[in-house]
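Remarks on the structure that follows.
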Amino acid sequence: MGVARHARVVPAAAGRGVRVERVVDLRLCGAILEQSTMTDVPRPDLPPRPSWLPPGPAEPGEGGLATPADAAAATLSETSAVTLFDLAEASAVSHEPTTASNSAIDRPTAAELVAELRRQDALIAGSTSPARLRVLLAAESAGALIGAELRAAGLPWSTDVHEGVLESELGARPPHGGKPARMAALAADVRAALDAPTLNLDSQIDLLRGLRNAGLPVASTSRWELREHDHPAIPPLIAYKKLARLYSANGWAWLDEWIRDGRFRADYVPGGTATGRWATSGGGALQLPKQVRRAVVADPGWRLVVADAAQLDPRVLAGLALDERMAEAGRGRDLYAGLVDSGVVETRDQAKVALLGAMYGATTGDSGRLVPRLARAYPKAMALVDRAAADGERGLRVTTRLGRSSPVPPPAWWEAQTRASQPDASPADERRARSVAREWGRFTRNFVVQGSSAEWALCWMAALRSRLAEIGAAGAAVTRAEASGTVFDSAPHLVYFLHDEIIVHTPAEQAERVADAVRESAADAGRLLFGAFPVEFPLGLAIVESYAEA
DNA sequence: ACCTGCCGCGCC
DNA sequence: AAAGGGCGCGGCAGGT
């Protein structure tokens with residue numbers, strides 16, 4: 001499969017100083033093509049979809065729909081699919097022992113791979129928008145390669161700094177199996193305040209019961225609800241939860257498991273979510289709490305170029321909807337500030353809440369109240385997300401800028417709709433059907449924006465990867481003599497990706513050139529998605545030694 | 001000894 | 001501040 005095989009081959013290539021130029025990930029590309037509303041599948045004139053590709057969309061009421069389990073299998077199975085990259089692998093590293101993951105049964109032959117490549121080419125050529133799909137599939141394939149390279153390179157990580165954070169927050173590392181004394185003390189305070197000497201704070205059920213017994217009318221134990229109440233148990237409980245989170249998610253055990261030789265090698269899963277965003281399958285690289293980012297530190301003589309796309313989602317929405325006024329609000333300035341300047345809302349915070357509400361489908365609260373003002377100012381943008389929601393409520397697929405389509409709703413969703421349309425349907429049936437329909441509408445509303453933003457980010461990274469190679473090649477002429485290690489030891493390279501944010505690890509003397517390349521690549525991405533439409537994608541960018549400084 | 005569902009919370 | 005999208009993960013609880 002794409003990731004696993006890239007993950008095996010990229011380090012092997014990198015270790016010999018070989019840089020992979022380009023890949024086609026037939027599994028990821030095939031999944032997009034099978035699902036996209038831009039393509040016409042099935043095509044009786046073409047060979048059938050091979051069994052090692054994930055299934056396409058199922059019709060309502062039919063079997064074969066991608067259940068979560070199926071989707072997981074398609075995404076994660078070591079044996080389910082293969083890429084053209086394997087052709088190169090077969091010749092380049094054929095001396096490697098055969099493993100269970102590339103047994104003959106599951107492994108397509110070279111002829112089968114070529115046939116599949118031709119089938120995919122035919123699907124693209126017969127689609128409603130071949131140019132967009134080609135950009136998407138090239139970017140998706142580059143993403144698969146980059147995901148493997150991120151793991152091979154690793155994020156530079158200072159165990160010392162991380163341990164310093166843990167000690168200042170949690171106190172000394174507890175003996176094996178024990179909890180930090182500071183957490184134990186806070187837990188004792190909570191138990192005393194609730195008059196519940198045996199309460200287990202880590203048990204949601206136990207804790208909820210304890211809070212209610214103490215007279216607190218809470219429906220959950222979540223922090224935002226607890227904050228509303230004034231009780232002596234609340235402050236230590238919130239403090240405990242904060243420490244417990246750090247301790248269990250990014251504590252000493254995480255350090256032991258995930259940091260080797262000063263590098264965090266995360267398991268990225270490119271294309272791992274429905275919207276095309278990446279996922280992770282271990283280490284939680286996409287959930288690194290701000291607290292521990294201080295531990296991301298460049299090697300001596302190196303720098304981190306940290307960049308994030310400013311207000312990416314609303315800018316993408318402006319491009320999708322060809323909403324000139326919204327694009328104008330973000331030209332040469334913070335887009336949220338642009339909304340204030342235009343008199344749409346009074347404060348930057350209101351602008352942010354209103355836009356998030358529009359893209360997520362908020363109907364209540366401050367956010368819901370602000371959305372109508374946005375609709376008056378930017379009718380084209382609002383019409384686009386409203387249309388996506390309306391389509392989703394009817395069970396239709398929606399599609400991103402470059403051609404990734406949402407899945408059709410699962411069988412239970414259709415069953416709920418069918419039940420509500422029967423003559424003997426109860427009011428509860430009808431409420432249920434409306435409720436799940438609207439939920440799916442919120443998903444598709446967000447899908448078009450989040451998915452198109454993911455495409456922008458992939459194009460950004462893919463363009464950057466090429467530009468970094470040029471910078472690295474120029475630098476290599478100078479340092480070739482001593483460059484004996486991997487391709488990551490001497491040249492600037494990507495080390496982190498987080499939806500709309502990247503980090504490049506680079507020799508200090510090349511950091512400014514890398515920063516320029518990062519900005520130029522963002523402009524490339526904007527053109528790849530939206531052509532000449534005048535929507536800008538400015539970056540927040542910093543050249544730093546530690547991620548926390550960015 | 002697993003597995004699954006749920007909660008809460010970290011990130012975008 | 002409030003509850004609208006996408007995730008992964010750790011922990012508990014209840015099942016087999």
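Atom set for the values below is all heavy atoms of this structure, side chains included, hydrogens, waters and symmetry mates excluded. Chain identifiers are assigned alphabetically (A, B, ...) following the order of the sequence lines, protein sequences preceding nucleic acid strands; residue numbering begins at 1 within each chain. Quick caveat: nothing in here was measured; it's all calculated off a predicted structure.
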Atom pairs under 3.5 Å: protein N/O with N/O of nucleotides 13-16 of chain C:
from	atom 1	to	atom 2	distance (Å)
C:dA13	OP1	A:Ser203	OG	2.6

[X] [atom1] to [N] [atom2], straight-line distance once rounded to whole Å:
{"X": "A:Leu286", "N": "C:dC7", "atom1": "CG", "atom2": "P", "value": "12 Å"}
{"X": "A:Glu225", "N": "C:dA3", "atom1": "CD", "atom2": "C1'", "value": "12 Å"}
{"X": "A:Met359", "N": "B:dC12", "atom1": "CE", "atom2": "C1'", "value": "11 Å"}
{"X": "A:Glu501", "N": "C:dG6", "atom1": "CD", "atom2": "C1'", "value": "17 Å"}
{"X": "A:Asp313", "N": "C:dG4", "atom1": "CG", "atom2": "P", "value": "19 Å"}
{"X": "A:Leu312", "N": "C:dG5", "atom1": "CG", "atom2": "P", "value": "20 Å"}
{"X": "A:Leu370", "N": "C:dA1", "atom1": "CG", "atom2": "P", "value": "16 Å"}
{"X": "A:Leu317", "N": "C:dG4", "atom1": "CG", "atom2": "C1'", "value": "15 Å"}

Estimated bend of the helix from B:dA1-C:dT16 to B:dC12-C:dG5 (axis per five terminal pairs, rounded to 10 degrees):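 Axis-to-axis angle, ends of the helix: 0°.
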Just to be sure I understand the rule, does [X] reach a base, reach only the sugar-phosphate, or reach nothing, if contact means heavy atoms closer than 4.0 Å?
{"X": "A:Gly282", "answer": "sugar-phosphate"}
{"X": "A:Gly283", "answer": "sugar-phosphate"}
{"X": "A:Val353", "answer": "base"}
{"X": "A:Thr363", "answer": "nothing"}
{"X": "A:Glu228", "answer": "sugar-phosphate"}
{"X": "A:Ser453", "answer": "nothing"}
{"X": "A:Ala285", "answer": "nothing"}
{"X": "A:Arg293", "answer": "sugar-phosphate"}
{"X": "A:Trp278", "answer": "nothing"}

Distance-only donor-acceptor test, A:Arg277 side-chain atoms vs B:dC12 base atoms, 3.5 Å: yes
Of the listed nucleotides [options], the one nearest the side chain of [X]:
{"X": "A:Thr221", "options": "C:dG4, B:dG8, C:dG6", "answer": "B:dG8"}
{"X": "A:Ser248", "options": "C:dG6, B:dC12, C:dG10", "answer": "C:dG10"}
{"X": "A:Asp202", "options": "C:dA2, C:dG11, C:dC7", "answer": "C:dG11"}
{"X": "A:Tyr360", "options": "C:dG6, B:dC9, C:dG5", "answer": "C:dG5"}
{"X": "A:Arg245", "options": "C:dG6, C:dG4, B:dG10", "answer": "B:dG10"}
{"X": "A:Asp366", "options": "B:dG8, C:dA1, C:dG5", "answer": "C:dA1"}
{"X": "A:Gln450", "options": "B:dC11, B:dG8, C:dG5", "answer": "C:dG5"}

Gap separating the [atom1] atom of [X] from the [atom2] atom of [Y], nearest 0.5 angstrom:
{"X": "A:Thr198", "Y": "A:Arg191", "atom1": "OG1", "atom2": "CZ", "value": "8.5 Å"}
{"X": "A:Trp413", "Y": "A:Trp440", "atom1": "CH2", "atom2": "CH2", "value": "8.5 Å"}
{"X": "A:Asp189", "Y": "A:Leu201", "atom1": "CG", "atom2": "CG", "value": "10.5 Å"}
{"X": "A:Met183", "Y": "A:Lys241", "atom1": "CE", "atom2": "NZ", "value": "11.5 Å"}

OP1 or OP2 of [N] less than 4.0 angstrom from a side-chain nitrogen or oxygen of [X], does that happen here?
{"X": "A:Lys241", "N": "B:dG8", "answer": "no"}
{"X": "A:Arg223", "N": "B:dG10", "answer": "yes"}
{"X": "A:Arg442", "N": "C:dG5", "answer": "yes"}
{"X": "A:Lys179", "N": "C:dG11", "answer": "no"}

Residue mapping more 5' on DNA chain C - nearest nucleotide basis, A:His499 or A:Gly284: A:His499
Are [X] and [Y] ion-paired here, with the side-chain N under 4.0 Å from a carboxylate O?
{"X": "A:Arg397", "Y": "A:Asp391", "result": "no"}
{"X": "A:Glu346", "Y": "A:Arg373", "result": "yes"}
{"X": "A:Lys352", "Y": "A:Asp349", "result": "no"}
{"X": "A:Lys179", "Y": "A:Asp202", "result": "yes"}

Classify the ring geometry of [X] against [Y]: parallel below 30°, tilted from 30° to 60°, perpendicular beyond 60°.
{"X": "A:Trp460", "Y": "A:Trp456", "result": "tilted"}
{"X": "A:Trp157", "Y": "A:His162", "result": "tilted"}
{"X": "A:Tyr247", "Y": "A:Trp252", "result": "perpendicular"}

With A:Gln450, the side-chain hydrogen bond (donor to acceptor under 3.5 Å, both in side chains) member among A:Asp313, A:Thr273, A:Thr275: A:Thr275
